[in-house]
Amino acid sequence: MTPRVRFAPSPTGYLSIGNVRTALFNWIFARHEGGKFLLRIEDTDKERSKKEYEESIIDGLTWLGIDWDEEPERQSDRLAIYEKYLKRLLDEGRAYFCFCTPDELEAERQAQLSQGLQPKYGGRCRSIPKEEAARRAEKESHVIRFKMPSHTVSFTDLVRGKVTFDLDLMGDIIIAKGLDAPLYNFAVVIDDEEMAITHVIRGEDHLSNTPKQIAMQEVLGFKTPVYAHLPLILGPDKKKLSKRYLDASLKDFKERGYLPEAMLNFMVLLGWHPTVDKEIVSMDEAVKDFNFKKVQKSGAVFNQEKLEWLNAYYLKNLPADVLAKQIAPFIPPEWVKDEKKFKEVVDLEKERLRHLPDLKELAGFFFALPDYQPSLLIWKGAPKSVIADNLSFVANVVRGIPNHERWSRDAIEKYIMSVAAEKGRGEVLWPLRVALSGKDASPGPVEILYILGKEESLRRIETALGKLDLLQ
RNA sequence: GGCCCUAUCGUCUAGUGGCUAGGACAGCGCCCUCUCACGGCGUAAACAGGGGUUCGACUCCCCUUGGGGCUACCA
């Protein structure tokens, strides 16, 4: 049978990194097995679910290239299905209406807690006759509880091995707030069966939900899928990653200029590693190589520095024209007017980028010379007169680059470097570079000269000479 | 508190009874170099503790300790 897996986020917030990683592992597993990857929107929480979040989930997955194989299901569209099973459970006496108030429940809970007991529902409404309960349910507010069996449940988790729970500790859990209002643990069981899910791959935070779900599967006569609980992604405090420590939603990373390739590579390495020891892993390789044996059991701290490094890596290895398109949304639109120039700037600066928008800070001088202190032109205490002479000399050389020589990087380098060799590299190159860029840190003067062009370069050197005159 | 999961450098990890415990990020140093960045080289840094099993344990078992998750009319 071909495996069918699902990613089942609830649209109650933007897609978090933890969730995306779960989606990614499901997707990789499906692709590895030649199975199906499905998407199911778990929007049973009517108060918190929002269409906007649902869209952002779709957008996020699409951005990463995680594609699904069938039309996404939405739990709110499947209410009739849940109702059918709810009625069946009620009829068979495997579930019952409960009329206890939240206050009563809370009191019971506190009492149990103070005695050091596992808090669980005592079963007060279990014994209400079915007919009476049905009658009361028509006007009294109620919930529907599942009659939890009291045996032990074991299952073999693909990453953790055999795990055993005692159902007796769970109590009769609430599976619906009403016939038309199913709750998570119940809806999941129904959907996984109806959608013929074979493997449930999800975060470890769901481990203790698994026995409850298996108990319902057994009562309903469903088959139990194979489970794989992934280690959690942790914050720097080693607790489940939360908004507290970083903007942990995929949307935030996208907006801060991370590349999908970097995000994917980073996430696939959180809790999994390829057979051969390496850090740069493409999704093709991950799909080919995926194996649950290589999935880590313990939580992985989100390593921001490594993400930065990966992002920088992918940034500098992207072809300039592709990169230029990606950067365009983050920078002033006028920079892109001269497409050729922009591409050259991107190509030159890309090894300095850690995020897409970094170009804005790094490359502004190509489009407008920033103001700078005249003293910046001075190389390591060299006399002002020497600096000025060198700059004038370079200006003449630049002006005189013969017309038959193409304005090429190589030609410029030939002329400039011969001047530098003669008069001292630092004494020539530093002031030249500052004159051209107005900055203490930038790419080399030859590269800037080439991109700026003869005319603009000369103008900037004149400006520098003017500044030097002002200097004491 | 109860239940469950878990434990190798700061972090991500390799390791499946015998290794000088390897790699990567971050750190530090050096080289390249007008600066920044890239790149290259090097360095520091870990098997939580205690019992077993075994000729031999990072590897297997148990306990302790630490960390985490769950314990909702959220998912």
Side-chain angles (χ1 to χ4, degrees), chain A residues 8-13 19 42-45 47-49 75 98 100-102 105-106 109 112-120 141-145 157 159-161 163-166 169-171 173-178 181 183-185 187-188 202-211 229 231-232 234 236-240 266 269-273 275-280 293-294 296-310 312 316 348-354 362 376 379-380 420 424-434 437 439-445:
Chain A
S10 62
T12 52
N19 275 150
E42 307 218 324
D43 58 350
T44 50
D45 186 336
E47 279 76 50
R48 297 195 300 149
S49 295
Q75 289 187 324
C98 171
C100 296
T101 66
L105 260 17
E106 185 54 26
R109 199 183 120 82
Q112 286 163 335
L113 233 33
S114 68
Q115 288 172 56
L117 296 168
Q118 161 88 319
K120 67 166 190 178
S141 79
H142 61 274
V143 296
I144 299 170
R145 285 183 185 272
D157 188 282
V159 348
R160 272 148 234 285
V163 183
T164 304
F165 285 89
D166 186 356
L169 266 17
M170 314 277 175
I173 59 166
I174 298 173
I175 56 173
K177 293 156 103 167
L183 256 19
Y184 169 72
N185 276 113
V188 164
R202 56 186 7 172
E204 194 195 340
D205 46 350
H206 283 293
L207 194 56
S208 48
N209 282 324
T210 306
H229 287 92
L232 259 19
L234 278 19
D237 62 347
K238 306 239 181 181
K239 291 195 193 316
K240 197 163 112 176
F266 176 70
L269 254 21
L270 277 180
W272 178 82
H273 65 91
T275 309
V276 290
D277 197 12
K278 58 175 172 177
E279 315 296 321
I280 304 299
K293 284 201 190 73
K294 296 286 187 183
Q296 215 68 20
K297 290 182 174 71
S298 56
V301 173
F302 186 96
N303 187 182
Q304 181 77 34
E305 274 92 24
K306 192 141 184 179
L307 207 212
E308 304 282 307
W309 174 75
L310 279 167
K316 62 174 168 271
L348 182 58
E349 295 280 10
K350 67 181 185 180
E351 67 192 23
R352 268 163 276 255
L353 301 176
R354 290 187 84 74
L362 289 169
L376 190 60
W379 163 250
K380 282 188 181 166
R425 298 175 72 95
E427 289 80 354
V428 172
L429 267 15
W430 174 270
L432 209 215
R433 195 180 55 71
V434 171
S437 68
K439 299 176 74 180
D440 64 343
S442 78

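Letters go in sequence order (proteins before strands), and every chain restarts at 1. No hydrogens, no waters, no symmetry mates; every other heavy atom, side chains included, goes into these values.
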Determine the Euclidean distance between corresponding [atom1] atoms of [M] and [N]; express it in Å to zero decimal places.
N: rA26(B); M: rC32(B); atom1: P; result: 22 Å
N: rU54(B); M: rG49(B); atom1: P; result: 23 Å
N: rG27(B); M: rC61(B); atom1: C1'; result: 39 Å
N: rC63(B); M: rG2(B); atom1: P; result: 15 Å
N: rG22(B); M: rC9(B); atom1: C1'; result: 12 Å
N: rG18(B); M: rG23(B); atom1: C1'; result: 22 Å

Distance check: side-chain N/O of [X] vs OP1/OP2 of [N], anything under 4.0 Å?
X: Gln296(A); N: rA14(B); value: yes
X: His273(A); N: rA14(B); value: yes
X: Lys294(A); N: rG15(B); value: yes

Using Watson-Crick or G-U wobble geometry with both distances below 3.5 Å, tell me the partner of [N], or none.
N: rA24(B); value: rU11(B)
N: rG66(B); value: rU6(B)
N: rC19(B); value: none
N: rU33(B); value: none

Heavy-atom nearest nucleotide on RNA chain B taken for Val301(A) and for Gly161(A); more 5' hit belongs to Gly161(A)
Counting C-beta onward and ignoring hydrogens, is there a side-chain heavy-atom pair between Glu349(A) and Ser442(A) closer than 4.5 Å? no
Base contacts versus sugar-phosphate-only contacts with protein, heavy atoms under 4.0 Å: please encode nucleotides 24-32 of chain B as B, S and - from 5' to 3'. BSS------
Starting at the 5' end of nucleotides 62-75 of chain B, put B wherever the base has a protein heavy atom under 4.0 Å, S where only the sugar-phosphate does, and a dash everywhere else. ------SSSSSBBB
Donor-acceptor contact present, side-chain Arg433(A) to main-chain Asp440(A), <3.5 Å: yes
Side chain of Leu270(A) only, heavy atoms from C-beta on: which candidate in rC3(B), rG22(B), rC12(B) is closest? rC12(B)
Ring geometry between Trp430(A) and Trp379(A) (parallel below 30°, tilted from 30 to 60°, perpendicular above 60°): tilted
What does the list of N/O pairs under 3.5 Å between the protein and nucleotides 33-35 of chain B look like, with a distance for each?
unit_1  : atom_1 : unit_2    : atom_2 : d
rC34(B) : OP1    : Arg425(A) : NE     : 2.1
rC34(B) : OP1    : Arg425(A) : NH2    : 2.9
rC34(B) : OP2    : Arg425(A) : NE     : 3.4
rC34(B) : O2     : Arg433(A) : NE     : 3.0
rC34(B) : N3     : Arg433(A) : NE     : 3.4
rU35(B) : O2'    : Asp440(A) : O      : 2.9
rU35(B) : O2     : Arg433(A) : NH1    : 3.3
rU35(B) : O2     : Ser442(A) : N      : 2.8
rU35(B) : O2     : Ser442(A) : O      : 2.9
rU35(B) : N3     : Ser442(A) : O      : 2.6

